[in-house]
Undergrad: 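Have a look at this one before I ask anything.
In what follows, chains are A, B, ... by sequence order, proteins preceding strands, each numbered from 1.
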Amino acid sequence: MPNSNVNIISVIESKLKDKVQIQPGQLGTAAIATTNGLHREVIQTLLDADEKTAITSITGLDLGANLGLLYHIRTSNAFVTIRAEVPRESPKIQTITDIMPGAVFHELEVADLFGIVFEGHPSPGHFVLSDNWPEGVYPLRKDVNPYDVKLNPSKDVITQPSDGKQVKIVLGPQHPALLEPEKFVVTVDGETVTRVDPRVGYVHRGIEKATESRTFLQDVYLVERICGICNSIHACSFVETVEKILKIEVPQRAKYLRVIALELNRLHSHLLTLGHAGLEIGYETLFQYFWRDREPIMDLIELTSGNRVYSSLMTVGGVRRDIKEEDIPKIKATLTDLRKKLPFYRQVYEDEPSLKMRMKNVGVLKREDAIKLSVVGPVARGSGYDIDVRKDEPYEAYGEIPFKEIVYTQGDTWARMNVRMDEVEESINIIEYAIDNLPPGPFRVKAPRVVPAGEAVNRVEAPRGELFYYVKSNGTAMPERVKVRTPTYANIPAFLKTAIGESIADVPSNFVSLDPCFSCTDR
Amino acid sequence: MSKKTRIPPMLKRAVSHIFTKPVTTKYPFVKPTLPADFRGQQVFDINLCVSCGLCSRDCPAKAIEMVVIDGKRRPQFKLDSCIFCYQCAESCPRNAIKSSVFYELATTDKSSLVLKPQASVERRASPQ
Amino acid sequence: MTNTVTWARVKSPWVLHFNSGACNGCDIEIVALLTPKYDVERFGVKLEPSPRHADVLLVTGAVTKQCEERLKRVYDQMPQPKFVVAIGACACSGGVFAGCYNVAGGVDKVIPVTAYIPGCPPRPEAIMDGVVKLLNALNPPKPKKQPKGEKKAEPLKNEAESEASKAETVPVPEVKPVVEEAKVVAKQ
Amino acid sequence: MIDFWLIFRILVFPGFTFVLLLTLFCDWMERKIEARIQNRVGPMVAGPFGILQPLADFIKLLTKEDIQPRDAKKFIFKFAPLVAFSVMVFAMCFLPVDGASVLSVSGFNGDLIVILAFVTIANFLLFLSGWASSNPYGAIGSARVLTQFLGYDIPLFLVGLTPAFIAGSLSIAAIASAQTIPYIVLAPWAFVLFIISMQAELEKDPFDIPHAESEVVGGLETEYTGGKLAFLHLTRDVQIVFGAALVVELFLGGSSGPVFFGLPAFWYSLWFVLKLLAVVVITEYITCVFARLRLDQVLSANWKILLPSAVLSLILTVAMVTWVYPLVV
């Protein structure tokens, strides 16, 4: 039985001592430099040592003569970055999807944006970029100017040929079940789904490239707009990463204020999803009730930040606004109100027969599959895979605030929704604790505009799960590379797995239970 | 958790809502009260401006353009690309850019979304 | 007769929402419009699933190159008379994403836009205000209709304000209220 | 000789105009009740309390551009919605509103069977209209309509025969007038079953699978625009009114009620409309408090639960008619 208290670094040292270099630093617990081909061995070692080993992301880098690859792997108590390099002329590397199935989409993305060929990848092709993207233009390479790219004339992909009994149904890109333009080609046999082919990238705007031509200050607002729902957490994670490079310690009060902003964000995001799930199963009344009760939270965000959606509170070195003393009673009253409304929803989920018929045993994801596919957030916790960055690697003030980690074991849509419901209550507790224990002092320290050369990684718990940032600076006012791995990106494989074999009517509700966010996914 | 089947709570709640007042606001007939520091349309005070251009430099959406008026560089706001982050107000060394709670900016004429600095001078001057 | 038709059109704007590459901020605010607090069904607004049923196309987000063609097609599928409202800074001009490599620009680069609602994201009230302005642009204010509209507002309070908001014609004298508002703020 | 009274009865009251206005009013009321249950206001600005909202929608749709998809089966695409609407209105004419049917000759023994057949025909026309639009969503939506009404027609029919058994007649007018005690009291189980199968037949929540926006976009209406869409909407609304009217006739004693002064016809129509609205409120309430079921769940619910209980209900009714009711009535 693999032990979760094992020291990963010493395991690697003992097994692969002379083959790899282990460097402590900003890239998680340790960065492990490998030569071509060895990355698989390191990952295999990690997999053998710890049952909860999963992949967080793969970052591509343009290092000039070589292209760099960073494999970010999380284990139950560590976060490891494995470095690999491939020559620019023939960028080829062995895939890890056979030992780590969760890496499928991460490899596709790097292949799309950097032109690195992953040998042995099960389904190569465009993923983030569109199918009619011109060949040979890899937008994130430094020597490419992708701004004037003209897309090839598109082939009409709407009418897909159906073979035999299998019928292909195209969900999207413009479809009422998806608020966002994404396409899923669902192959059905009668009413049973036999195959799902995702096609993301309709919201791909090229934010990672855009950050490289803006200053760190502007980038805070840019990355905040990666997602309109979990915006604060994006900005927070970015400024935390920059602060790590700058080695700035944020004042204690700012940490608490950030926690309040983040948890308000989580509250509104969870209520939104709970309501949206109601819409997908045709339960409009439930949707209306949830959204009605979400509005006071929006008012709170507006009260504390000046805008209903984009709080724009985070800045390098702290927060931009303090919480006003006279607003505190209103915040507390609103939260108490919401807490009083929760038992009703809990009862609906517990007792409503038609809701249970649509949610129980739908989209069941087993714990071992959840780990294998490296899912994150409420999806993982609904399957009994207990990862929560707030607990595992506390950031901001989360280490000082008591709260429970919610885990359900059923792994179905119902469990995922209940995880969110319980987290709503935990979020209320966290905000109340943070407000009561708000430390005095400044809420911001001055940060320089120019960031010294360096790189850092950062993980935070967004409403949808673990959000990962990697920032590399080259000593100017603009970053050299910003990599964002959003939670939905990691969760899509779970949908593809669980949708197979269930009824077409369950596809929307199963899908929504992941709380998908494609503007995050595509960036 | 009791195994007994209870009456689904929604049945009761739905009936009770028929007889309670809806939560709907009365906009546009009654305007909402916004927090005083709501980030609405910016108000620019040309008398305080020192033409430093910091607002334009820091604007993430490139919505501020410096235009020359009476021989001085002044910021011109393009509200159609403004993201209302108020970095400009924060960057301004003289507090020449302030917030307002005005948010009903919709228009059928895109050109009216460009706030010319000289216009704000006139408009500021006229009512006083 | 034409009066009746315009009346019907103004009272029953069915909308279709198209996300052409938005960050979800505006989209969520549009959905919030349907929910109890704002409830645009008051004005006869219905969110329709199919472009064939819609009168007004609400577009959010900077148009990505991938969505460009799709947006055109959705617009073509809508029956006449049709209107397009660009919601949010991104839809108006590309906003913060203007100049990103996969972004074609604002919605008006692709299809004709009738009304612009700036904001990031605009408040739900601002979106309502935009739709009201659009509908006013659709029928030039008729003296006959105004009192009718006022009457309809009867169950609601504050008629004077309703009159004011409805009487606003198309080219909105924007800055005036701003300055007044600003003065109020300053006084406080 | 032209019988003006007959023409009045066909075109104005209780014929076409009355049905149309009642339909629009019911549509408004449904939307309003749904809104209130959801803690919203609902239509508000078109007419007092938004009462003209359905009319505004209807007029607007009539004046919209009419697009015909390239691949549509043109003839059926054009006429199916219209014919479906007229069939439903025609069916309404058999229901005695003010004590007698629209045409004095239309009430005959067996008209209950005839109008149930009309409902089936109207549903089939709706299916045709979706199928003719050659749109995948329209096709799926209309296929679902077909599957669902095939399943629920039988229990609806069986349960609908319960009042006929009690009254000993297949004429709606006779059934309605036989109810000195409304059959909702005598056979409440049949009433409940009838409401459920009606809900399924009318494709309302929790059985609104053909209209599941999240799965089939606009369902069979997806490709329709303008006037044809207006008539599709209207057909659905007339169906709902018709369903409610049928419940009134079969279980709530039709238009019978106390007459205080003046024309009895006025009071009869008033009682009829009030009862009808009460039924609409009940169905709308059911719509609001349940989630949509899945197609397989709906079908299995039909074959495993509803159909057997419809048969049981019929047996129970026969037993009651034979042994119990003679003691009561």
Side-chain angles (χ1 to χ4, degrees), chain A residues 129-133 139 144-151 154 173-176 178-181 201-207 209-210 213 218 221-222 224-231 268 272 275-276 279 287-292 294-296 298 302 307-310 312 517-520 522, chain C residues 16-39 41 47-51 57 59-71 73-75 77 88-90 94-104 119-126:
Chain A
L129 299 177
S130 63
D131 285 328
N132 44 8
W133 187 265
V144 172
N145 173 20
Y147 293 99
D148 313 319
V149 161
K150 288 269 182 306
L151 300 191
S154 69
Q174 200 273 322
H175 191 276
L178 314 163
L179 278 175
E180 302 168 78
Y202 285 88
V203 202
H204 180 65
R205 291 152 289 186
I207 294 178
K209 181 86 175 179
S213 58
Q218 292 170 331
Y221 303 107
L222 185 65
E224 187 176 27
R225 276 155 183 82
I226 285 177
C227 176
I229 303 173
C230 42
N231 53 70
H268 108 80
L272 181 153
H276 192 191
L279 199 61
F287 156 73
Q288 300 275 11
Y289 287 175
F290 266 121
W291 279 60
R292 176 196 64 197
R294 172 180 164 269
E295 282 300 327
M298 305 304 283
E302 189 175 42
N307 189 306
R308 274 167 56 88
V309 173
Y310 282 112
S312 294
C517 171
F518 284 109
S519 53
C520 279
D522 298 352
Chain C
L16 172 75
H17 166 221
F18 186 83
N19 176 331
S20 60
C23 67
N24 269 337
C26 302
D27 312 54
I28 298 301
E29 296 295 74
I30 290 175
V31 181
L33 276 176
L34 305 171
T35 60
K37 187 167 179 198
Y38 298 103
D39 189 28
E41 207 193 352
L47 192 66
E48 283 291 317
S50 162
L57 179 64
V59 190
T60 54
V63 183
T64 60
K65 286 179 181 167
Q66 229 153 324
C67 273
E68 207 176 336
E69 214 174 315
R70 179 61 63 157
L71 178 61
R73 181 150 38 177
V74 166
Y75 180 73
Q77 280 176 344
C90 302
V96 72
F97 302 118
C100 287
Y101 64 81
N102 206 26
V103 170
C120 189
R123 279 180 64 88
E125 281 101 345

Undergrad: Checking C:Phe97 now: which residues fulfil ring-ring contact (aromatic ring centres under 6.0 Å, His included) with it, not counting sequence neighbours?
TA: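 Here no residue qualifies.
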
Undergrad: Heavy atoms only: give me the nearest A:Lys209-A:Pro139 pair and the separation to one decimal.
TA: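 For A:Lys209 versus A:Pro139, the nearest heavy atoms are NZ-O, 2.9 Å.
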
Undergrad: Which bit of A:Gln218 is near chain C, if near means a heavy-atom gap under 4.5 Å: side chain, backbone, both or neither?
TA: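 Nothing of A:Gln218, per the 4.5 Å heavy-atom cut-off to chain C.
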
Undergrad: Tell me, for A:Phe287 versus chain C, whether the close heavy atoms (under 4.5 Å) come from the side chain, the backbone, both or neither.
TA: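 It is the side chain, since no backbone atom gets that close.
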
Undergrad: Output all residues satisfying side-chain contact (heavy atoms from CB on, under 4.5 Å) with C:Ala89, sequence neighbours left out; order by chain, then residue number.
TA: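 Per chain and number, C:Ala89 pairs via side-chain contact (heavy atoms from CB on, under 4.5 Å) with B:Ile83.
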
Undergrad: Using non-hydrogen atoms only, which part of C:Ala62 is less than 4.5 Å away from chain A: side chain, backbone, both, or neither?
TA: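 For C:Ala62, no heavy atom lies under 4.5 Å from chain A.
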
Undergrad: Can you tell which part of C:Leu34 gets under 4.5 Å to a heavy atom of chain A, answering side chain, backbone, both or neither?
TA: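 Just its backbone gets close to chain A.
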
Undergrad: Is chain A contacted by the side chain of C:Glu68, its backbone, both, or neither, given a heavy-atom distance below 4.5 Å?
TA: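 No part of it gets close to chain A.
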
Undergrad: Counting heavy-atom pairs under 4.5 Å to chain C, which of A:Gln288, A:Arg292, A:Arg308 comes out on top?
TA: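 Most heavy-atom pairs under 4.5 Å with chain C: A:Arg308.
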
Undergrad: Assess, by modelled atom type and distance only, whether the side chains of C:Thr64 and A:His204 contain a donor and an acceptor separated by less than 3.5 Å.
TA: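 C:Thr64 vs A:His204: no donor-acceptor pair found between side chains.
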
Undergrad: Just by modelled atom types, is the C:Thr60 backbone N or O under 3.5 Å from a matching donor or acceptor in the C:Asp27 side chain?
TA: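 Checking the backbone N and O of C:Thr60 against the side chain of C:Asp27, no donor-acceptor pair under 3.5 Å is found.
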
